[in-house]
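Contents: one structure, followed by commentary.
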Amino acid sequence: MDQITPLLDRRNALYEPVSRLMTRADWERLYADDIEAILRLKQERDAVILAHNYQTPEIFHCVSDIRGDSLALAREAQNLDAKVIVLAGVHFMAETAKLMNPEKTVLIPDSRAGCSLAESITAENVRALKAAYPGVPVVTYVNSSVAVKAETDICCTSGNAKRVVESLGVPRVIMIPDEFLAKNIQNETGIEMLTWPGHCEVHERFTPQEIRQYRRMHPGVTVLAHPECPPEVVAEADYSGSTAGMMDFVAQKQPKKVLLVTECSMSDNLAAQHPETQFVRPCNLCPHMKRITLSAIRRSLETMEEEVTIPEDMFARARRAVERMLAV
Ligand code: 13P
Ligand code: SF4
């Protein structure tokens, strides 16, 4: 065999997962160099890339080692056999990975990748809530800072919020900072939620009118909504679940036509794997997730920046809240 053939085979294999989404020429022109460099750097640095489901397809399908929703990323972060973790996602996800791996280097390719929910509440706010409702357990969505987690009894994600809340066995909880997630879980469980007016800037923009209009335009469409959407939007959906829950739904039920009421890249990543399903795309972009690009990941692995650190005085308390969640 000549020497070119294995190289070509390798290149073909790298392109194949995204071949339904972009032309080979565009992939070569826009992404191939960075992808090759990242794969080489991962080996040199002994690094793994954890990618959230909202990452763009060239990151999600071409360079990441572990993909998933916030819960899967937190779980997988516990068992990694690598010196360096690159979190292709937003800052709170990188903080969670660091909480589970204090001895490893955790990099976030752009530390400005925040989250409107995490920014909506401070540790001071949580202390005030606890003082106002003594004895009521505090359940904190992982979309929060380490300082807020440190004030918390237990964390949750959209994938396990119902289970976490029910595990407490109480009639009333403080559930922060996502008001809509809390109300959606209240509707599912009947447990009273004391909420905080934090919202996801991506999901709060969807409206029930919009969903009804899409149903009129696409008769028979299956509607899946993230629980960060307002309850009136979730009420219009056929299913509501975390990003991983929505992905599993499509893989198992193989709907003919589906509308994902969530961030744009979810449909792209799923469309790459499910040619049998047609995706209607009324999506909203998360500007924070979109700060993470292939070139930012490459730069991060080249420079080993930006490293995520956790203040020592918060570490143990925040980690305990995440560990309690993972034990449920
Ligand atoms: P998931 O945990 O469902 O992936 O959601 C994380 C997130 O940021 C959604 O906006
Ligand atoms: Fe935060 Fe919403 Fe972006 Fe998720 S999609 S990271 S909840 S702003």
Side-chain angles (χ1 to χ4, degrees), residues 50-56 59-60 64 66-77 87-97 108-121 139-145 148-149 155-165 175-185 188 195-206 224-230 233-234 237 239-250 260-270 282-293 322 325-326 328:
L50 270 57
H52 184 260
N53 292 331
Y54 291 162
Q55 292 297 292
T56 48
I59 295 174
F60 190 82
S64 69
I66 290 165
R67 302 171 263 272
D69 63 358
S70 312
L71 181 59
L73 296 183
R75 261 194 212 299
E76 294 292 334
L87 206 301
V90 290
H91 198 265
F92 75 82
M93 296 175 179
E95 282 186 336
T96 306
I108 177 100
D110 188 328
S111 64
R112 295 170 301 169
C115 170
S116 63
L117 282 167
E119 276 137 39
S120 73
I121 190 163
V139 179
T140 297
Y141 196 30
V142 284
N143 300 37
S144 52
S145 66
V148 165
K149 287 187 177 77
C155 285
C156 74
T157 73
S158 58
N160 64 11
K162 181 169 179 277
R163 252 181 300 141
V164 165
V165 166
M175 190 168 187
I176 52 171
D178 188 342
E179 181 184 11
F180 295 149
L181 176 72
K183 289 189 170 157
N184 285 321
I185 298 298
E188 275 187 56
T195 64
W196 181 257
H199 298 143
C200 162
E201 67 188 86
V202 174
H203 293 95
E204 71 176 346
R205 301 212 304 269
F206 294 109
L224 314 184
H226 195 277
E228 288 170 12
C229 292
V233 171
V234 169
Y239 167 84
S240 174
S242 77
T243 56
M246 289 191 261
M247 282 185 154
D248 289 348
F249 186 102
V250 172
L260 300 183
V261 189
T262 190
E263 212 270 348
C264 301
S265 293
M266 272 280 295
S267 295
D268 295 336
N269 289 331
L270 268 171
C283 64
N284 291 331
L285 268 176
C286 173
H288 309 289
M289 288 280 179
K290 263 55 230 185
R291 283 192 185 277
I292 310 300
T293 59
V322 176
M325 164 186 91
L326 292 174
V328 169

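No hydrogens, no waters, no symmetry mates; every other heavy atom, side chains included, goes into these values. Bear in mind that the values here come from a model prediction, so they are computed numbers and not experimental data. For ligands, and for the atoms within them, numbers begin at 1 and follow the listed sequence.
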Check your understanding: Is a donor on one side and an acceptor on the other found under 3.5 Å between the side chain of R67 and the backbone of A51?
Key -> no
Practice item. List the steps, then state whether side-chain contact (heavy atoms from CB on, under 4.5 Å) holds for M266 with T243. Key: CA-CA 8 Å; M266 272 280 295; T243 56; 3.7 Å; yes
**Study point:** Within-2.8 Å protein N/O/S contacts of atom 2 (Fe) of ligand 2
**Key:** C200 SG
Check your understanding: Who passes side chain to side chain donor-acceptor pair (under 3.5 Å) against S70, sequence neighbours left out?
Key -> none
Study note, to complete from the structure: Residues with a heavy atom under 4.0 Å from ligand 1, by chain and number, are H52, Y54, D69, S70, N143, S158, H203, H226, E228, S242, T243
Practice item. Evaluate the salt bridge (charged side-chain N to carboxylate O under 4.0 Å, His left out) criterion for residues E188 and K183: first the C-alpha distance (whole Å), next the side-chain angles of each, then the deciding distance (0.1 Å), finally the verdict. Key: CA-CA 9 Å; E188 275 187 56; K183 289 189 170 157; over 6 Å; no
**Study point:** Side-chain donor/acceptor of N269 to backbone N/O of Q55, under 3.5 Å
**Key:** yes
Review point. Should the pair F206 and H203 be assigned to parallel (<30°), tilted (30 to 60°) or perpendicular (>60°) ring geometry?
Key: tilted
Review point. Do side-chain atoms of N143 reach the backbone of F92 as a donor and acceptor pair under 3.5 angstrom?
Key: no
Check your understanding: How are the rings of H199 and F180 set to each other: parallel, tilted or perpendicular (split at 30° and 60°)?
Key -> parallel
Exercise for review: Can you sort out the partners of C286 under disulfide bond (SG atoms under 2.5 Å apart), two or more places apart, ordered by chain and number?
Suggested key: none
Point to revise | NZ/NE/NH1/NH2 to OD/OE distance under 4.0 Å, E201 and R205 | key: no
Study note, to complete from the structure: A student checking ligand 2 against Y54 at a 4.0 Å heavy-atom cut-off should list atoms 5 (S)
